[in-house]
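Inspection log for the structure reproduced underneath, given as C-alpha cells.
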Amino acid sequence: MLLRKLGSEKIKTLNADFDNIYEAYKKKAKDSGYDGELKFIREHGLILIYVVI
C-alpha cells in the first residue's frame, strides 16, 4: 500500500473539528489527483494525514 502525505494536525485540533478537517484534506487529495481513502497515523502528539495511492 502506497501513501502520500497530505499534512499533519495536532490531536486536540483534530478532535475538536474532525468533520471540517477531514473534508479539507479530502478536497486537498482530490485536487492533487488522488481518490483513495485517508489514513490517520498518530505520531509524537500529532496526527499525520495520508491518502492511499
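Residue numbers start at 1 and run along the sequence shown. Predicted model only: the values in this text are computed from it and were never measured.
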Item checked: Side-chain heavy-atom pair L3, K5 within 4.5 angstrom cut-off -> no
Note to self: Would you say that E9 contacts L46 through its side chain, given a criterion of any heavy-atom pair below 4.5 Å between the two side chains?
What the structure shows: no
Item checked: Other ILVMFWY residues reachable from I53 by side-chain steps of under 4.5 Å -> L2, L6, I11, L14, F18, I21, Y22, Y25, Y34, L38, F40, I47, I49, V51
Item checked: Minimum side-chain heavy-atom gap K26-K28 below 4.5 Å -> no
